[in-house]
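A quick write-up on the structure given underneath.
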Number of protein chains: 2
Amino acid sequence: MTLTQNSQNSQNYSIAEIEQETGIKRDTLRVWERRYNFPVPLRNERRERIYSSEQLSRLRLIKQLMDSGTQPGKLVTLDKRELHALAEQHVCRSVSFPGSGVLDLLTGGSLCELQPRLEILLKELGLHDFLSNVVAPLNHAVGEAWFAGKLGILDEHHYTEQIRMILTAEMRRTARNDGARPRVLLSTMPGEPHGIGLLMVACTLSLEGAEILSLGVQTPLEEIVRGAVENKCAIVGVSCSEYLRRRTVASQLVRLRSMLPENIALWAGGSGLRNITLLQENIRIFSDLSQISAALQDQQIRSLTGSKRINSSKKRSNNHELF
Amino acid sequence: MTLTQNSQNSQNYSIAEIEQETGIKRDTLRVWERRYNFPVPLRNERRERIYSSEQLSRLRLIKQLMDSGTQPGKLVTLDKRELHALAEQHVCRSVSFPGSGVLDLLTGGSLCELQPRLEILLKELGLHDFLSNVVAPLNHAVGEAWFAGKLGILDEHHYTEQIRMILTAEMRRTARNDGARPRVLLSTMPGEPHGIGLLMVACTLSLEGAEILSLGVQTPLEEIVRGAVENKCAIVGVSCSEYLRRRTVASQLVRLRSMLPENIALWAGGSGLRNITLLQENIRIFSDLSQISAALQDQQIRSLTGSKRINSSKKRSNNHELF
DNA sequence: GTCATTATTTTGTCCTAGACAAAAAATAAA
DNA sequence: TTTATTTTTTGTCTAGGACAAAATAATGAC
């Protein structure tokens, strides 16, 4: 019994693999083929779709642009050059900030120099300012650069990994479990894989003296509730990127609120909650980190304040975690 | 325009949500319904499936048992008690090891005591022994306990998160980029979300003096190759849990090997590679951490040694990362 | 008894093509 | 400009059929 050689020649992808790599669901791929006549893959002897690596890279590009708000129907007819041009156009001129030079390390391919550079910035600024003035804008800038095609998935992964490493280590340094209050349970919702925003929140809260119980990403709602109750947490914090559909996020948040005892506060934040019109009275929504530290200082969580309508802005998502 | 209330009452799940929560694909859920008459969900006015939370929890349990090797056809007819009994049966008596008491903290619900306990063990044993004698067996034990229903997703997430925190911080401590050799690029393959095994490897290699370039999980193969070449890595390391199908893993590994320049070694390890009969001459497979440090000491990677057939053992997977 | 080979069952993934609501864009009215 | 209403666009859901890969059972050789 020899090894499966089917996709050996490194050129062909099944529909499942394309789904995996691009994040576009099978159903969607099939319906695009029907409607827009793209992508039209080859078929194997069993009539199953076989995509080429060129189709894959084009789909990746299209997905990027879709995530930034363009409709697929207007993208599939364009050729590669037009797509790239469009990507450029979507990038807004980035402002300068303490660590703006760091981005060049990524685009320039000097991956190994990233870590010491970040460490220096952290030391100079302290954790709090590092988070607000370096990590947050860098996240944004990295997302932008990725759209513009200036950054590969590789560079972005490496960046994420470095940030994760630094923040995790800082978390550990500042962590306390000496009965400090309030105790906060943090996680993301089922289906939400982005964890950097969560880490930033965790660091911020930890600095403010809270005791963090972090569950990482993708915890089922029932388990979040159980954890919060069993461990007597005063607050449950949920971070939402733009990865999930907005209505999914909204309905999950409402569901979570209804499952949670009233005396436990529910806080939600992250770029996935921009433009959410109104959720519910007793769900508190944050649009940036400083709001969180402020809110924590009202420790007592006296009389849950009404939900806060966040300042809306024209949608320009980038599928990356701004916070 | 009010908020979507469709799934408000916290009892109903769409097929997409069930897929999300259980990891069982839509197609599979539908075919089970057709074949086994389970799960048969209610339908909404549009004939769409609506699952109850009881069906969800039963599906979760079934998924657990399937992951440990039982066929679904033999599970769907059983009731809750029988399922739990079966789960018990699958648990093998766990051996005792330095940190075995730690498990009780999780089952006992004292989540907050876990971190200091682990820190003490780390200090006492040192990183190397901590990895081999505590983390590895604990991973196993946690997986077992989860099957047996003694541990919730909550506890398991918290455990994972704590281990991740400690190992990440240690990684940062031991990291060097003073031109130390060899340079190793680490990642998991597309679709493989488990990162703890990767971290363990990273720590091990870092201790041995390698320079680590970690990309985290789920990097496309093309990007892995690009990263390895651009950064002049001598070795590419890939960690595989049992999450992906074996044939997927195999074909991806072979594809990666063919894309990679010959002078870059490809190392693969993790529980997902147990029972892999034979891959290819120039892919090196590891079944535990100590093999890795040994291999690294043959630094020169002289004449790629032939692939190593690993000692096979009866399949008993648990979908958790043993390494 | 164990091991290797072959036959049979089980199971997941893929297929087509139609339907429809939620979201976005375009239009009309204030 | 903003606000309400229509139209277009888009993703997800449905049904039931097909088929190979994986797992199990059966067979034969030693």
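Everything quoted here is computed from the prediction, not taken from an experiment. In the text below, chain A, chain B and the rest are named by the order of the sequence lines, each starting its count at 1.
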From [options], pick the nucleotide closest to the side chain of [X]?
X	options	value
A/Glu48	C/dC15, C/dT11, D/dG11	C/dC15
B/Ser14	D/dC13, C/dA25, D/dA15	D/dC13
A/Met66	D/dG11, D/dG17, D/dT12	D/dG11
B/Arg46	D/dT9, D/dT14, C/dC20	C/dC20
B/Val31	D/dT14, D/dT9, C/dT13	C/dT13
B/Ile15	D/dA18, D/dG11, D/dC13	D/dC13
B/Gln71	D/dG11, C/dC15, D/dT24	D/dT24

If the cut-off is 4.0 Å, is [X] near the phosphate of [N], judged by side-chain N/O to OP1 or OP2?
X	N	result
B/Arg30	D/dT14	yes
B/Thr28	C/dT13	yes
B/Tyr36	C/dT10	no
A/Arg49	C/dT16	yes
B/Lys25	C/dG12	no
A/Arg47	D/dA20	no

inquiry  = Is the terminal nitrogen or CZ of B/Arg255 (NZ for Lys, CZ for Arg) located under 6.0 angstrom from the six-membered ring centre of A/Tyr13 and within 45° of that ring's axis?
reply    = yes

Send over the distance from [X] [atom1] to [N] [atom2], rounded to a whole Å.
X	N	atom1	atom2	value
A/Arg34	C/dG18	CZ	C1'	7 Å
A/Leu29	C/dC15	CG	C1'	14 Å
A/Lys74	D/dT8	NZ	P	13 Å
B/Tyr51	D/dC13	OH	P	10 Å
B/Glu33	D/dA15	CD	P	7 Å
B/Ile50	D/dC13	CD1	P	12 Å
B/Leu42	D/dC13	CG	P	17 Å
A/Ile24	D/dG11	CD1	P	9 Å

task = Report the relative orientation of the aromatic rings in A/His194 and A/Tyr243; use parallel for angles under 30°, tilted for 30 to 60°, perpendicular for over 60°.
result =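 Ring orientation of A/His194 relative to A/Tyr243: perpendicular.
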
key: Residues B/Glu33, B/Arg43: salt bridge by 4.0 Å N-O rule   =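 Yes.
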
Distance, nearest 0.5 Å, that separates CD1 of B/Ile285 from CG of B/Leu253 =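 The CG atom of B/Leu253 is 7.0 Å from CD1 of B/Ile285, to the nearest 0.5 Å.
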
message = Taking B/Gln218's backbone N and O only, do any of them form a donor-acceptor pair with B/Thr188's side chain (distance below 3.5 Å, no angle check)?
response = yes

query = Under 6.0 Å from the CD atom of A/Glu54, do we count more than 12 heavy atoms belonging to anything else shown?
reply =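 Open: at most 12 neighbouring heavy atoms sit under 6.0 Å from CD of A/Glu54.
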
query = Any N or O donor-acceptor pair linking the side chain of A/Arg35 to the base of D/dG11 at under 3.5 Å?
reply =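 Check passes, donor-acceptor contact within cut-off.
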
